[in-house]
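Remember, it's 1-based here, ligands and their atoms both numbered in the order they're listed. What you are looking at is a predicted structure, and each value in this text was computed from that prediction instead of being measured.
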Amino acid sequence: MKEFWFVVGSQDLYGEEVLEIVAKRAQDMASELSKRLPYPLVYKVTGQSSDQITRVIKEANYDDNCLGIVTWCHTFSPSKMWLTGLNMLQKPYCHLATQYNLEIPNEEIDMDFMNLNQAAHGDREHGFIGARLRLKRKVIAGFWKKDEVVERLAKWMRVCVGVDFSRHLKVMRFNDNMRDVAVTEGDKVEAQKVFGWEVNTWAVGDLVKEMNEVCDAEIEELYRQYLAEYDVNTENTDAIRYQAREEIALKKMMDANGCKAFTNTFQDLYGMEQLPGLASQHLMSLGYGFGAEGDWKVSAMTAILKKMGENENGASAFMEDYTYHLVEGKECSLGAHMLEVCPSIASGRPRIETHHLGIGMNEKDPARLVFEGKEGPAIVVSVIDMGGRMRMIVQDIQCIKPIMEMPNLPVARVMWKPLPSLEEGIECWIHAGGAHHTVLSYDVDAEMLRDLANIMDVEYVHIGKDTKAEELEDKLLLSDLIWKLK
Ligand code: MN
């Protein structure tokens with residue numbers, strides 16, 4: 001079971017009685033918070049010496065189930081004792097600047113109370129050592145029972161789950177990137193260094209061989225699962241069964257090789273009748289990442305964002321900006337892909353359809369899921385290779401119910417208004433170099449991706465309601481200089 005460790009700071013100046021109260025309250029807070037958080041927060045120690053703190057941090061580094069540490073100082077805790085330990089910390093670190101008591105008790109307050117309840121004082125000393133050591137850390141301030149504080153801690157935990165997942169992620173590629181495309185390219189060694197992704201290639205021929213070994217009973221079982229989850233709006237059930245064959249083979253190959261994400265390209269479908277459409281979509285709904293046209297960066301990010309979402313398989317999908325509606329007052333962007341949008345973001349029950357697909361080597365019409373995306377606030381994220389470093393670009397968007405039916409559009413679609421506005425949002429995105437491929441997520445927000453980028457030491461660019469294109473240009477220029485110096 002994945003968990004987080006609660007490490008509390010104090011010192012021996014106040015006597016045993018105070019230390020016992022601190023330990024009891026820390027235990028109390030950890031168990032109360034654990035009831036409201038997605039992962040347990042386990043109280044470990046009230047640190048009073050360098051040896052003690054160093055020991056617990058070494059244990060945290062070594063323990064695969066510990067995904068991060070949360071620190072807090074109930075009393076004052078001189079930070080020199082944290083130096084050796086924090087300097088060797090390899091796990092994500094959150095400083096929860098909170099206080100056990102909500103109020104200053106007017107009548108009761110005396111010097112004993114002050115010595116016991118001095119987080120305002122202790123957390124500043126603790127914050128200094130984090131700044132002095134230039135540690136990557138999350139700082140969350142506020143009363144520990146307050147909804148917003150618990151929610152932010154929960155989100156940070158989900159980020160750490162994403163970090164852990166990313167560091168073990170293997171991406172299976174079939175063939176290379178789409179010919180001549182620049183933004184989907186990248187340095188796979190750099191990606192493995194910063195994100196941990198092992199990105200390797202397999203032959204399409206191996207997949208075809210695996211497909212040929214799939215038996216009818218397996219296909220029928222998955223076919224029935226499709227019928228349970230989706231409506232069928234086609235007579236061409238052979239195409240649906242063919243997609244089932246592709247999905248089973250893809251899943252077997254990924255599982256056998258420990259891969260949780262994959263890419264393919266319409267330019268290499270040798271031995272296959274159809275580009276995987278429904279197959280890729282259903283695999284994504286199971287938590288596998290996907291990137292079309294060989295886009296392994298977006299494939300990895302799709303898997304990670306899904307993992308960071310609700311129940312570790314959230315509403316996040318591979319997406320592509322397709323076309324704009326530029327009518328004044330109704331501006332929006334239409335996102336889709338030629339087949340492969342994850343049904344986790346569908347507003348209703350998806351339907352299976354078959355249509356001709358002119359692009360690529362399709363001999364037969366591929367089956368795919370068609371649906372509309374949900375309404376609501378969301379983000380799109382793109383990771384690009386700037387040469388020597390990765391840049392993560394996140395834009396806040398507002399998804400809307402599509403303002404037209406588009407009855408002849410044969411693919412899943414999402415409509416949204418980018419922030420700060422369509423036009424300025426496009427200008428910002430283009431200045432930052434964001435790709436046409438993104439991950440669209442309703443579950444993961446910009447703050448979470450900022451934390452993810454921070455933990456992994458990746459450049460982060462956010463475009464939101466207050467972003468101005470001109471200011472962003474200046475920020476990008478400065479950021480470029482800083483990252484070249486790093
Ligand atoms: Mn594409």
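In Asn212, the CG atom is crowded: over 12 heavy atoms of neighbouring residues, nucleotides or ligands sit closer than 6.0 Å.
Side-chain atoms of His462 and Asp396, non-hydrogen and from C-beta on, do get closer than 4.5 Å to each other. Within the 4.5 Å cutoff, side-chain heavy atoms of Ile248 are placed close to those of Leu222.
Within the coordination shell of the Mn ion (ligand 1), defined by N, O or S atoms under 2.8 Å, Glu293 is present. Metal site remark for the Mn ion (ligand 1): His437 contributes an N, O or S atom at a distance under 2.8 Å.
Distances from the Mn ion (ligand 1) to each N, O or S atom of Glu320 single out OE1 as the nearest.
At a cut-off of 3.5 Å, with distance as the only test, no side-chain donor of Trp429 or Glu427 sits close to an acceptor on the other residue.
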